[in-house]
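Below: one structure, written as structure tokens.
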Amino acid sequence: MLYLGFLAIGLGILSTVAGLICLAIASFSQEILIRNKTKKLAGKILPVAVVLLLIGTGVVGYLFEV
């Protein structure tokens, strides 16, 4: 069960990095189409990353507490 917590934390970190890269591309891109698509993609990835991080830290925290 501890591995699932570490997996969720790792996926959350990777999703956060991917979302922030998309957000950086959206803010620095000169093309409107790319800016809009990456902004939408970042808007979908970042909440998932937050949820994964919360689940992972909750599982790991619970297992280390017991």
Side-chain angles (χ1 to χ4, degrees):
M1 191 72 174
L2 186 63
Y3 293 121
L4 290 176
F6 286 135
L7 178 68
I9 290 173
L11 288 175
I13 290 171
L14 288 174
S15 300
T16 303
V17 170
L20 290 177
I21 288 172
C22 286
L23 200 59
I25 290 171
S27 61
F28 294 121
S29 178
Q30 298 294 325
E31 297 183 19
I32 296 173
L33 183 64
I34 292 175
R35 180 180 295 175
N36 290 338
K37 286 191 177 196
T38 54
K39 193 180 290 186
K40 286 181 185 178
L41 186 63
K44 292 177 184 176
I45 290 177
L46 288 173
V48 172
V50 170
V51 168
L52 282 171
L53 286 171
L54 288 174
I55 290 172
T57 53
V59 168
V60 170
Y62 175 75
L63 291 175
F64 277 137
E65 185 179 294
V66 172

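Linking Ile, Leu, Val, Met, Phe, Trp and Tyr whenever their side-chain heavy atoms come within less than 4.5 Å puts L63 and V60 in one cluster. The hydrophobic clustering, which links ILVMFWY residues whose side-chain heavy atoms are closer than 4.5 Å, places V50 and L52 apart.
For Q30 against R35, the heavy-atom pair with the smallest separation is CA-NH2, 4.3 Å. Closest approach of I34 to T38, counting heavy atoms only: O-OG1, 2.8 Å.
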Would you give me the side-chain donor-acceptor pairs under 3.5 Å for residues 3-23, sequence neighbours excluded?
unit_1 : atom_1 : unit_2 : atom_2 : d
S15    : OG     : L11    : O      : 2.8
T16    : OG1    : G12    : O      : 2.7

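Distance OG/S29 to NZ/K39: 10.5 Å, rounded to 0.5 Å.
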